[in-house]
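Read through the structure below, which is laid out as structure tokens, and then see the notes.
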Amino acid sequence: MARALLARRCLAAGTLGAVAAGAHTAAAIGTDVLRDGGNAFDAALAAALAETVLLPPKCGLAGDLVALVRPAGAAGPTALTAIGPAAAGLPALAEHTGWRPAVTGAASVGVPGAPAGYTALAGYGRLGLARAAEPAVGLAERGVPWSPVCARLAAEAASLLREHQPDGCRYQPEDRALRVGEVLRLPGLAEALRELTRAGAGLFAGPIGRDLAAYVTERGGAITPADLVGVLAETAPPETGEAGGRVLWTTPPPTYGPALLDALAAVPPRTGSGDDDVRALADAVRQALARQRTGVPALSDGTSAVAAVDAEGNAVVVVHSNSFPRFGSGLVLPGWDLVLSNRAGRGFTWQPGHPNAPAAGRRPLTTLHAWALPDADGGPGLLMGATPGGEQQVPWNAQVIRRLLAGSTDEDMAAAMTEPRWELDARGRLRREGVPGELPELGARSSHVVVRGGAGVPTAAADPRLTGAAVAA
């Protein structure tokens, strides 16, 4: 009964367009942009920037971003990758520490790629970066109620935040935890968002970057102001594979898109939801992850996703992240309220000579990825989606795609969002929702966003397990 009710509530369709996001307020902001004359790219950008205020444990201006964009009339999507490269001094730091993995703390802080990604998305829109950032600036200035999901993530990261901010920070005051519903004002983040509208991809080439480099270096990190200049987003053709006899597109390396393609190529089309089908896909995912993986599995929160579609046929899915675990490196830049990502610490393989080892200018491997699936009949329709979840993104995305290969009606999309999920623990063991001793009902932390566009009424769907929502205009 609970799943049936959630299935009815997780979709939204509208003649102007629809947006799915990790927070209802963000999705609503995206649809406001559609009503103001923006397209899907404007809407997704506004929603994503709002998430940097609403979900700071998961995503932010000092993080990274990947996306698939499909302008109206295009035959397929284009991949957008904004993953910051290694700082010039990171290889020397790795050697100095004996190549000991720096998964959190100053040595783990990566060069932010997100500002370049947000700026590139604005280039596909009509309204510009300033209009897209305006709602997020307002949220940061007025304050937002501290959500249950943020409170849970802050509690899980309490020791990490306390280790690096013993005198407290905006997200964890010195003497207590923020209460659910407590209004959190972020004036530093509001000013950083304003600076983004002025500097775009060069956000960290100015005073914020100088503050970041000084703060990280004082604490043993390797970032210098020079590392923060000239970071750009890259556009490229998507990685292409096949699933169930259909073309499937994903974001290319250094994302985990190829691992998703690898897993789905190894299994026949879904014949049901029985144990045999689950085990076959789980085996394929295990093998794909083993081939892709370069270090300790990242299995937790630190990411959010947004997708948008409009009546013209534009569609986009965005995944932006502070990396793993929640609150990234654990460092929060004073005065700017920016959670610093640990993409360098988590993404690189800390082994000399490894092809994914830290090297100046090299982008680290990332579990982030997005996917797109064209109409079965070769028409203009398209499904696009993503989820946060570290390495769980691969099994969760594989499950949703296999369900959508069976059909893409409203009922199919709702079922894909709400059917029982399974995941793999750090030892590769299967954990299924609703199975005693494994996961509770709706207990997976997936947060899918999916949009359908190009044909028919623009539609968005959001996984109801956490705080995701789909809103239409």
Side-chain angles (χ1 to χ4, degrees), residues 19-30 44-67 112 114 117-118 132-133 135-140 142-157 160-161 169-172 177-186 188-190 192-193 196 300-308 317-330 332 336-343 368 386-390 393 445-449 462-471:
V19 181
H24 185 278
T25 299
I29 284 170
L45 177 58
L49 291 175
E51 286 195 341
T52 69
V53 183
L54 296 160
L55 298 171
K58 288 174 162 282
C59 54
L61 300 181
D64 293 305
L65 180 154
V66 303
Y118 297 134
V137 171
L139 288 174
R142 293 189 304 273
V144 294
W146 196 233
S147 67
V149 68
C150 285
R152 187 196 71 213
L153 296 175
E156 293 172 354
L160 176 67
L161 291 171
C169 64
R170 293 277 182 188
Y171 307 109
Q172 181 176 275
L178 294 172
R179 300 181 300 275
V180 172
E182 182 175 353
V183 174
L184 174 65
R185 293 180 175 83
L186 298 166
L189 180 53
L193 285 160
L196 175 69
S300 190
D301 307 85
T303 302
S304 192
V306 171
V317 57
V318 179
V319 190
H320 54 158
S321 176
N322 289 331
S323 192
F324 164 80
R326 71 297 295 166
F327 287 100
S329 67
V332 179
W336 300 104
D337 307 327
L338 293 176
V339 176
L340 302 186
S341 163
N342 62 339
R343 179 71 58 206
L368 307 183
T387 182
Q393 292 173 67
R445 290 190 179 184
S446 61
S447 188
H448 276 95
V449 294
D463 193 322
R465 286 169 175 79
L466 297 177
T467 57
V471 181

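Smallest separation of non-hydrogen atoms from I29 and A50: CD1-CB, 3.7 Å. Contact record, P56 with V53: CD-O, 3.3 Å, taken as the closest heavy-atom pair. Of all the heavy atoms in A462 and A20, the pair that sits closest is CB-CB, 4.3 Å. Across all non-hydrogen atoms, the minimal contact from S304 to G22 is OG-CA, 3.9 Å. The heavy-atom pair separating A151 from W146 by the smallest distance is CA-NE1, 3.5 Å. Nearest heavy-atom pair across L466 and S447 is CD1-CB, 4.2 Å.
Atom CG of residue L65 and atom NE2 of residue H320 lie 7.0 Å apart, to the nearest 0.5 angstrom. To the nearest 0.5 Å, atoms CG (L338) and SG (C169) are separated by 12.0 Å. Interatomic distance, CH2 of W336 versus CG of L189, reported as 10.5 Å (0.5 Å rounding). Rounding to the nearest 0.5 Å places CG of L368 at 7.5 Å from OG of S323. For the atom pair R326 CZ and T303 OG1, the distance stands at 11.0 Å (nearest 0.5 Å). Between atom CZ of residue F327 and atom CG of residue L153 there is a gap of 7.0 Å, rounded to the nearest 0.5 Å.
Using a distance-only test at 3.5 Å, with no hydrogens or angles considered, no donor-acceptor pair links the side chain of N322 to the main chain of G328. Put simply, the side chain of Q393 gets close to the backbone of G390: a donor and an acceptor are under 3.5 Å apart. One N or O on the side chain of Y171 and one on the backbone of D337 form a donor-acceptor pair closer than 3.5 Å.
Every residue two or more places apart in sequence or in another chain that forms a side chain to side chain contact (heavy atoms under 4.5 Å, CB included) with T467 is listed here: V149. For the side chain to side chain contact (heavy atoms under 4.5 Å, CB included) test, residues two or more places apart in sequence or in another chain that qualify with S329 are S108, V109, L331, L340, N342. Partners of D463 by salt bridge (charged side-chain N to carboxylate O under 4.0 Å, His left out), not counting sequence neighbours, listed by chain and number: R421, R465. Residues passing the side-chain hydrogen bond (donor to acceptor under 3.5 Å, both in side chains) test with T52, sequence neighbours excluded: none. Every side chain to side chain contact (heavy atoms under 4.5 Å, CB included) that A307 has, sequence neighbours left out, goes to V317, V449, V451. Listed by chain and number, the residues in a side chain to side chain contact (heavy atoms under 4.5 Å, CB included) with D64 are I83, S341, R343 (sequence neighbours excluded).
Of the charged side-chain nitrogens involved, none lies within less than 4.0 Å of a carboxylate oxygen, so that E182 and R170 do not count as a salt-bridged pair. At a threshold of 4.0 Å, the pair E51-K58 does not count as salt-bridged, since none of the basic side-chain nitrogens sits closer than that to a carboxylate oxygen.
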Check: Step by step, would you call L184 with L178 a side chain to side chain contact (heavy atoms under 4.5 Å, CB included)?
Finding: CA-CA 8 Å; L184 174 65; L178 294 172; 4.2 Å; yes
Next item on the list: Go through the steps to decide whether S147 and V180 satisfy the test side chain to side chain contact (heavy atoms under 4.5 Å, CB included), and finish with yes or no.
Entry: CA-CA 6 Å; S147 67; V180 172; over 6 Å; no
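When L196, L54, V137, V306 are each tested for a side chain to side chain contact (heavy atoms under 4.5 Å, CB included) with L49, only one passes: L196.
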